[in-house]
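Just so you know, ligand 1 is whichever comes first in the structure, and atom 1 is the first atom listed for that ligand.
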Amino acid sequence: MNTRREFLQQSGAVAGTTLVAGAALAQVAPQSQGQTKEWYDRPMRWMQLAFVEDDPGNYDPQFWLDYFKSCHADAACISAGGCVAFYPTKVPHHYRSKFLADHDPFGEMTKGCRNLGMNVIARTDPHAMHQDMADAHPEWIAVEANGQPRRHWADPTLWVTCALGGYNFNFMTDVTIEIMKTYQVDGIFSNRWSGSGMCFCKSCQALFHDYSGHDLPRTTNSQDPVRRQYLLWRESRLFDLWRLWDTEIKKVNPNAAFLANAGGGALSDLDMTSIGDLAPTLFADLQARHGLMAPWSNGKNAKEYAATLGNKAIAGITSVGVEEAYRWKDSVQSGDEIRLWMADGVAHNLRPWVVKFNAKPIDKRWMPVVEKFYGWHYRNQKYLRNEKSLAEVAIVYSQQTAAYYGIDQAAAKVENPALGYYQALVEGRVPFDMVHDLLLDADHIDRYRVLILPNIAALSDRQCKQLSDYVARGGSLVATHETSLYNEWGVRRKDFGLADLFGASYNGKVDIQVHNSYLNIEKDPRDGTYHPLVRGLENATRIINGVNWVHVKTTTPQRYSPLTLVPQYPDLPMEEVYTTSTHTDIPGVFARETGKSRVVYFPFDPDRTFWDVLSVDHGAILRNAVAWAMRSEQPLTVTGRGMIDVSLWAQKDSITAHLVNLTNPMTMKGPVRELVPSPPQKLRVRIPKGKSVKAVKFLVNPAVPRSIVANGSIEVDVPPFELNEAVAIDIA
Ligand SMILES: [Zn+2]
């Protein structure tokens, strides 16, 4: 069976569409200005102005151009067309802003930005259409499962478009070509281009029937074979659309590209490895915190994109507004919250991008905040133009596990374990990356000493082989719960795909929602010592268990297990809350050493439970497992009190260690009220072999650092800092 990635790579041809695009356009394109090949890595700071319909003639372009200049922004994304055209379009039925008259706000901003030396990309949004187009092309309206054409959920005067048929493949291709020919922009960034949920229009019905021989599925269960075919068909159709637009763009300007608003982590719906192949640069669109979200989420998004985009530039989109479900699009959030979000993104190699909807700003409190942060970024960009991460630990994420094992519980079963491990490593100040599960080849993973598999349940035989090979080459693994118990399509195996590495086999049963169960802390019976996996818990006797437990049998005898199970016993009535089963020999962890590699397997879910309960004991065993598997010190260690998110990057002639201060009562639920200065920290960075330190400086604090170079490392005292600090080390 093909993997999803192989399938998507094979389906490269643009199928079933007739290109009429561009035929009606007679306008001669102006010469491009200052466009050099491969511009994608140039911009360090982006600005996005997303017009609303009444902006033309009513906003002040010079106000924005002056602001962009004062921020040292070197690239801009400006709204051009799709749902509403902000330039004098000639494409039939391309709805012009009612306020457009003889204005061309897209053109004037493009010209102004270019005069500032900025790269410019055009934003399109094809997800909604106006009534005149609906009258002319009713077949382009998305259709509900009940057969009704779909009104727009937020603006009932509009209709939702079908993403997979003629609207995108023909009409939006015409719009794309017209924008390219008229303005010669560096790319087209399309928002909400991939549809707004499943569409049951005649075109989708016919195309899917041609592809699969089936009617559109009426279930969302991806274990249903037709639903699975639908997911693959939709995805390949969207990548066909991506390639179509990119091809048409490059016919006009070979140095431009289609830049989709796409991507994300395990829960995102388009294969990130295909996105990584297609996109020359990309923009991570997680604009701010909402609900219960830690500020490190911006850095996490950066790592998820970097897993498949490698060294390509990735910008991190930050909204100045409150990004909650109630969608106050004209709002402004607290300045410290905006700064914290941007600082965590920059620490993890996102290039800042700030988006403002509505070019007639009401609340301008965000403007000096962004200007100041961008100014800091500009002055220090030499140390922010990273070439590679120096992290030696990585968390694996798996879209196929979310899609085919997690299904409608993917957030709880797949994302929460990753979030738990992520939180534990942030608390432990461990520098780490993320790795995509379809990129487990040596080129992608041999730079890491430890890979973490947080309930990566769905893995193919090939992926399991890649992990075994990695261990044979000396790499170490930490895996939890049902990792590898399912194949890539979410079908349960007879045994773990990684059973040999775990030294344990599946014993036929998984307990879920276990209450009042514990783990005993065990000594090595031979010498009475404690295993490093339980460091810090020596006095605990026992700690709480997780909540979900896989029954396993030991296949490779271990001398002892540092954790053993105390099975569930009654938690009510209080008189009955005791157990006679105070001790079992059922292992709570398998810790094996072969050659240079170490493998830790927890048959339960310490990571998911940690995200749920945040028990410090679970945090300790999650970090201890990584420390033991690592065998050596991290390339960056930061000691001191407080919660600090860290990273370590190499630039051309330097290394930069980032510290972002998350020590704040609002860290786990924003927005922050104020930034509270961190306690002082001591930092140690391993100097790469054969290199020596030429100079060291802080990028925030103007003081000269106190540092010592010894034993291949540099140690630096970091005084308290408010938002972030970065220690830049020039090496030769
Ligand atoms: Zn459709």
#### Entry: Closest approach of I362 to N358 (non-hydrogen atoms, all atoms of both residues)
CD1-ND2, 4.4 Å
### Query
What closest approach, in Å, do I188 and F258 show between heavy atoms, and which atom pair accounts for it?
O-CD1, 3.5 Å
### Task
Identify whether the distance between the nearest side-chain nitrogen and carboxylate oxygen of E488 and R462 falls below 4.0 Å.
no
### Task
Would you please name every residue forming a side-chain contact (heavy atoms from CB on, under 4.5 Å) with E108, sequence neighbours left out?
Y59, P61, P105
### Query
Which residues pass the salt bridge (Lys or Arg N to Asp or Glu O under 4.0 Å) test with E139, sequence neighbours left out?
none
### Query
Under 2.8 Å from the Zn ion (ligand 1), which protein N/O/S atoms are there?
C162 SG, C199 SG, C201 SG, C204 SG
### Summary
Applied to residues 301-320, the salt bridge (charged side-chain N to carboxylate O under 4.0 Å, His left out) test, sequence neighbours excluded, yields K300-E304
